[in-house]
Amino acid sequence: MLQCVFLLSDSGEVMVEKQMTAHRVDRAICGWFWEYVLAHAAGDPSKVLQVVVSPTHYLFQVYRSGVTFLACTQVEMPPLMAIEFLSRVADVLTDYLGDINEDTIKDNFVIVYQILDEMMDNGFPLTTEPNILKELVAQPNMVSKMLNVMTGKSSTIGSKLPDATASFVPWRTTIVKDASNEVYVNIVEELDACVNREGVLVKCEACGEIEVNSSLPGLPELTLSFANPTIINDVRFHPCVRFRPWESNQILSFVPPDGQFKLMSYRVKKLKTTPIYVKPQLSSDSGNCRVHVMVGIRNDPGKPIDSIIVQFQLPPLIASADLTANHGTVDILADQTCVWTIGHIPKDKAPSLSGNLRLEEGLAHLHAFPIFQVKFRIMGAALSGLQIDKLDMKNTPSAPYKGFRAQTQAGRYEVRS
């Protein structure tokens with residue numbers, strides 16, 4: 001049972017405070033949490049554990065786009081339930097507001113409070129499905145804001161219960177408006193990899209999501225199967241998925257919500273290779289550090305690799321940096337981050353960055369070597385190798401249009417130097 005939910009800005013300011021039970025939680029707990037962030041993560045909430053124990057409360061936190069979602073309780077409860085609820089709150093607010101940050105939260109704090117009211121009842125999750133919430137709480141728009149100013153009313157709560165509350169599939173409305181009789185399935189993956197100083201791939205895995213955009217009339221029954229489901233680990237499903245068909249045959253059977261939703265998430269472990277390589281070489285003597293970085297294609301996925309970016313933090317005690325590249329642009333930001341924007345790899349040459357770092361007076365050698373962060377994007381390919389076999393549909397008045405797409409981008413891809 002969650003007793004209170006707070007929304008904190010990047011500076012630790014309390015933007016929203018929602019007491020969930022009759023037992024009031026003192027706001028001072030936010031001050032204790034922010035002191036913990038400063039002491040254990042140098043003021044970066046994204047690096048703090050999602051479960052923190054204070055002298056008086058159990059704290060659960062989820063960090064999204066500069067906003068910390070913090071929940072408190074004094075009783076024993078499953079930590080995953082609290083973390084999942086906060087993640088769902090962040091997803092719903094993103095769906096409502098488009099982008100969650102300090103400004104949008106403050107501009108729409110009435111809607112934020114109303115959403116929290118509907119999502120939890122007396123400390124327990126109640127309505128977390130976006131389709132139902134959108135019928136309960138109207139999405140913000142310019143017309144509603146002008147009417148609220150003119151009439152003095154600030155509530156956006158609907159006057160009647162959603163149709164789906166009386167349905168056996170509460171995530172789907174009974175009457176779908178403007179159904180175009182089509183469904184799209186997207187595989188979206190992030191590749192996490194770590195390469196050590198010797199260039200050996202220490203870790204490589206893909207974290208993926210199956211995203212579905214459904215615009216089907218009635219109550220359609222969908223069955224999605226994969227060509228190679230055995231490679232999937234750590235699956236997590238949308239509530240619409242029936243667990244027994246997956247458990248017995250690795251088949252996803254479900255009645256989809258209307259619109260876009262995340263059907264499932266998964267992980268594919270122990271991948272053998274990465275699509276591109278990054279080879280940094282650093283050597284220092286006599287107060288200078290020579291830098292040379294090469295980038296190229298290691299395993300061609302058959303689709304263009306674009307949006308390639310290599311960045312690293314300049315080591316401490318650097319007096320000046322002179323870095324150039326034969327392809328792309330090199331920028332050094334105010335926080336001493338060097339960003340090499342490559343874009344795509346040309347066919348006639350391998351992109352390389354080279355230059356010199358001048359150490360501060362009195363230093364002969366560089367003692368701390370940087371970690372290189374790699375970003376890229378591949379449209380049309382899932383690097384995990386996961387493939388959709390077929391998508392069958394029932395209870396549809398006519399044969400719908402089916403579209404499939406895959407995309408892979410870099411997640412946490414690190415190369416040690």
Side-chain angles (χ1 to χ4, degrees), residues 46 62-65 83-84 87-88 90-96 98-100 129-131 171 182-193 203-216 222-241 246 250-252 254 256-271 273-276 299-309 343-344 373-391 401-414:
S46 64
V62 170
Y63 182 78
R64 294 279 186 89
S65 304
I83 295 170
E84 178 63 24
S87 299
R88 189 63 65 89
D91 291 340
V92 168
L93 290 181
T94 302
D95 197 13
Y96 263 79
D99 184 25
I100 49 174
E129 192 58 44
N131 286 329
W171 52 84
E182 55 189 15
V183 60
Y184 299 92
V185 180
N186 298 332
I187 300 178
V188 181
E189 294 186 344
E190 284 193 353
L191 188 72
D192 296 337
K203 170 189 172 184
C204 186
E205 61 183 25
C207 299
E209 296 179 351
I210 306 296
E211 296 180 351
V212 178
N213 193 351
S214 170
S215 182
L216 300 171
L222 274 63
T223 303
L224 178 67
S225 58
F226 299 102
N228 48 351
T230 55
I231 67 174
I232 301 176
N233 299 285
D234 304 334
V235 293
R236 187 174 67 174
F237 301 113
H238 187 277
C240 70
V241 176
W246 173 263
Q250 280 72 55
I251 293 175
L252 296 176
F254 59 98
D258 184 47
Q260 188 168 354
F261 67 99
K262 183 172 69 175
L263 180 64
M264 69 173 289
S265 62
Y266 61 89
R267 186 190 307 269
V268 178
K269 302 178 181 179
K270 298 181 180 179
L271 298 179
T273 185
T274 59
I276 62 176
N299 183 28
D300 192 349
K303 299 291 183 179
I305 306 174
D306 59 18
S307 303
I308 301 174
I309 297 175
H344 68 280
Q373 309 282 344
V374 185
K375 301 292 182 184
F376 63 83
R377 185 183 64 180
I378 305 173
M379 300 298 295
L383 293 186
S384 67
L386 183 66
Q387 296 179 351
I388 295 176
D389 183 27
K390 60 181 178 178
L391 176 64
Y401 175 80
K402 297 180 285 187
F404 302 94
R405 189 173 64 181
Q407 172 185 337
T408 302
Q409 61 188 22
R412 188 165 183 173
Y413 186 169
E414 295 183 347

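All residue numbers refer to positions in the sequence shown, counting from 1.
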To the nearest 0.5 Å, how far apart are OH in Tyr413 and CD1 in Ile276?
5.5 Å

Side chain to side chain contact (heavy atoms under 4.5 Å, CB included) evaluation trace for Ser384 with Ile232:
CA-CA 9 Å; Ser384 67; Ile232 301 176; over 6 Å; no

What distance do Gln409 atom CD and Phe376 atom CZ have between them, rounded to the nearest 0.5 Å?
9.0 Å

How close do Ile251 and Ser225 get, heavy atom to heavy atom, and via which atoms?
CG1-CB, 4.4 Å

Counting heavy atoms not belonging to Lys303, are there more than 12 under 6.0 Å from its NZ?
no

Is any side-chain heavy atom of Arg64 closer than 4.5 Å to a side-chain heavy atom of Asp91?
yes

Gap separating the SG atom of Cys204 from the CG atom of Leu383, nearest 0.5 angstrom
8.0 Å

Non-hydrogen atoms of Ser215 and Asp258 that approach each other most closely
CA-OD1, 3.9 Å

So do the side chains of Leu191 and Leu271 get within less than 4.5 Å of each other, counting heavy atoms only?
yes

Can you tell me how far apart CG (Leu224) and CH2 (Trp246) are? Round to the nearest 0.5 Å.
9.0 Å

Taking Glu205 as the fixed residue, which of Arg267, Lys270, Lys269 is the one that meets the salt bridge (Lys or Arg N to Asp or Glu O under 4.0 Å) rule?
Arg267

Working to the nearest 0.5 Å, report the span between CD of Glu211 and CG of Asn186.
6.0 Å

Keeping Asp192 on the side-chain end and Arg412 on the backbone end, is there a donor-acceptor pair under 3.5 Å?
yes

Heavy-atom side-chain proximity of Leu222 to Leu216 below 4.5 angstrom:
yes

Flag side-chain contact, heavy atom, 4.5 Å: Asn299 against Thr274:
no

Beyond-backbone contact of Val185 with Lys402, side-chain heavy atoms, under 4.5 angstrom:
no

Residue pair Leu252 / Met264: nearest heavy atoms and the distance that separates them
CD1-SD, 3.5 Å

Judged by atom type as modelled, is there a donor-acceptor pair below 3.5 Å linking the side chain of Thr408 to the main-chain atoms of Ile378?
no

Between the side chains of Glu189 and Tyr266, is a donor N or O closer than 3.5 angstrom to an acceptor N or O?
yes

Side chains of Ile210 and Ile187 in contact at under 4.5 Å (non-hydrogen atoms)
yes

Do the side chains of Phe254 and Phe237 get nearer than 4.5 Å, heavy atoms only?
no

Could you name each residue pair satisfying salt bridge (Lys or Arg N to Asp or Glu O under 4.0 Å) that touches residues 376-386, not counting sequence neighbours?
Asp306-Arg377

To the nearest 0.5 Å, atom CG of Asn228 lies from atom CD of Gln250 at 11.5 Å

Side chains of Pro257 and His238 in contact at under 4.5 Å (non-hydrogen atoms):
yes

